[in-house]
J.: 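Sharing a structure, written as structure tokens. Questions coming.
Heavy atoms only: backbone and side chains are in, while hydrogens, waters and symmetry mates are out. In what follows, every chain begins at residue 1, and chains take the letters A, B, ... in the order their sequences are listed.
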Protein chains: 2
Amino acid sequence: MLRGLTPAMPGGGAPGRPRPGLIPADPEGRRLVAKFFRALGDPTRLALLEFCASGERQGTECVRHVQLSQGRVATHLACLVTCGLLTVRREGRSALYSIRDPRELELLRLSQALVAEQAEEIASCTRVATSPG
Amino acid sequence: MLRGLTPAMPGGGAPGRPRPGLIPADPEGRRLVAKFFRALGDPTRLALLEFCASGERQGTECVRHVQLSQGRVATHLACLVTCGLLTVRREGRSALYSIRDPRELELLRLSQALVAEQAEEIASCTRVATSPG
DNA sequence: TGATATCATCCGCATATCCGAATAAGTGAT
DNA sequence: ATCACTTATTCGGATATGCGGATGATATCA
């Protein structure tokens with residue numbers, strides 16, 4: 001088991017301010033949460049996630065749905081599985097993907113709501129460091 | 001106003017399956033949500049977000065907190081602002097950052113819970129395409 | 001005006017990420 | 001065994017992202 005993955009609120013924080021303790025205080029834990037968000041930070045993976053939200057989906061179905069190369073889609077799906085967003089079940093030569101935890105849908109709904117409120121700002125964000133959007 | 005940012009559930013979907021409509025169906029909207037998640041997909045920005053969660057924070061405070069160059073931190077903060085996660089208030093020569101919407105905290109809590117359950121899997125994820133972790 | 005404090009932007013560089021194409025690996029049917 | 005079908009992995013190349021350091025811009029104060 002990996003250590004320090006609880007949000008944790010050690011005694012020695014910033015003086016005079018409460019620590020919300022939403023996110024792990026240790027760099028390792030934060031890196032993990034960041035990785036999780038990066039897994040959600042690709043339009044294709046979001047499309048796959050939503051595609052699987054309506055029921056178990058086969059790999060080939062996914063390839064047809066997102067219209068990318070089979071290899072690329074397989075990698076995206078593997079990423080979603082190892083990041084805990086999808087589960088995979090093998091049956092014969094096919095792989096069947098589905099949402100791992102229904103709370104993911106809540107997460108997506110909430111994010112969508114926040115994004116919708118700030119859509120134009122976000123669209124204008126050149127992100128960190130200068131780079132074409 | 002940008003178009004097509006509602007989750008939307010157009011009539012012509014996949015046959016025989018309900019469409020959850022969690023995420024915008026159009027590529028533009030999905031790209032926006034993905035961008036939002038990428039903004040959350042950096043450990044430093046997560047640290048800054050949590051830092052500002054306990055109250056208004058000045059830019060210089062943030063620099064001291066995350067221990068990166070001032071320029072880098074300014075860029076991270078700007079990214080968080082334009083992605084709708086922080087708001088900034090100017091006062092004299094200082095910039096004061098705070099959380100824009102309390103629902104962000106719920107988002108972080110929920111994500112943290114999901115990550116904690118799959119920590120080892122996520123840690124082992126080489127992410128998409130081969131790349132050192 | 002000149003010095004200092006604070007924040008924003010630009011530069012070059014290193015790494016991460018995404019992509020298609022090719023190829024490997026496993027399953028099932030003939 | 002051989003072939004077809006599905007999934008997984010590797011490769012080279014293009015773009016995105018993060019970093020420090022230098023520089024620019026603005027506000028405050030002597």
J.: Of all residues at least two apart in sequence or in a different chain, which pass the side-chain contact (heavy atoms from CB on, under 4.5 Å) check with B:Ala74?
T.: B:Gln70
J.: Can you check the B:Leu96 CG to D:dA27 P distance for me, whole Å?
T.: 15 Å
J.: Among all residues two or more places apart in sequence or in another chain, which pass the side-chain contact (heavy atoms from CB on, under 4.5 Å) test with A:Val73?
T.: A:Leu48, A:Cys62, A:Val63, A:Val66, A:Leu68, A:Leu77
J.: With sequence neighbours excluded, what pairs up with A:Glu104 under the side-chain contact (heavy atoms from CB on, under 4.5 Å) test?
T.: A:Leu49, A:Leu85, A:Ile99, A:Arg100, A:Asp101, B:Leu114
J.: Figure out the CG/P separation between B:Asp42 and D:dA16, and round it to whole Å.
T.: 18 Å
J.: If you only use heavy atoms from C-beta on, which nucleotide in D:dT6, C:dG20, C:dT9 is closest to the side chain of A:Arg72?
T.: C:dG20
J.: Only one of B:Val115, B:Asp42, B:Leu40 passes side chain to side chain contact (heavy atoms under 4.5 Å, CB included) with A:Phe37; say which it is.
T.: B:Leu40
J.: Just to verify, what does B:Ala34 make a side-chain contact (heavy atoms from CB on, under 4.5 Å) with, not counting sequence neighbours?
T.: A:Pro43, A:Leu46, B:Arg38
J.: Counting side-chain heavy atoms from CB outward, which of C:dG20, D:dC19, C:dT17 is closest to B:His76?
T.: D:dC19
J.: What is the distance, rounded to the nearest whole Å, between atom NZ of A:Lys35 and atom P of D:dT17?
T.: 18 Å
J.: Do B:Arg57's NZ or CZ and the ring of B:Phe51 fall within the cation-pi criteria of under 6.0 Å and 45°?
T.: yes
J.: Nearest whole angstrom, please: distance from the C1' of D:dT6 to the CD of A:Gln58.
T.: 8 Å
J.: Round to a whole Å and report the spacing from CZ of B:Arg89 to C1' of C:dT6.
T.: 15 Å
J.: Over all strands shown, is A:Thr60 touching base, sugar-phosphate only, or nothing at heavy-atom distances under 4.0 angstrom?
T.: sugar-phosphate
J.: Below the 4.0 Å mark, does C:dA8 have OP1 or OP2 next to a side-chain nitrogen or oxygen of B:Arg90?
T.: yes
J.: Measure from the side chain of B:Ala74, starting at C-beta and using heavy atoms only, and say which of D:dA8, C:dC19, C:dT9 lies closest.
T.: C:dT9
J.: Could you list the residues that satisfy side chain to side chain donor-acceptor pair (under 3.5 Å) with B:Ser98, not counting sequence neighbours?
T.: B:Thr87
J.: At less than 4.0 Å, is any side-chain N or O atom of A:Arg38 found next to OP1 or OP2 of C:dT17? Yes or no.
T.: yes
J.: Protein-nucleotides 23-30 of chain C N/O pairs closer than 3.5 Å?
T.:
none

J.: Between C:dC7, C:dG20, C:dT9, which one does the side chain of B:Thr75 approach most closely?
T.: C:dT9
J.: Would you mind telling me which residue lines up with the more 5' stretch of DNA chain C, A:Gly41 or B:Ser94, judged by nearest nucleotide?
T.: B:Ser94
J.: With a non-hydrogen cut-off below 4.0 angstrom, is A:Leu68 in contact with a base, only sugar-phosphate, or nothing?
T.: sugar-phosphate
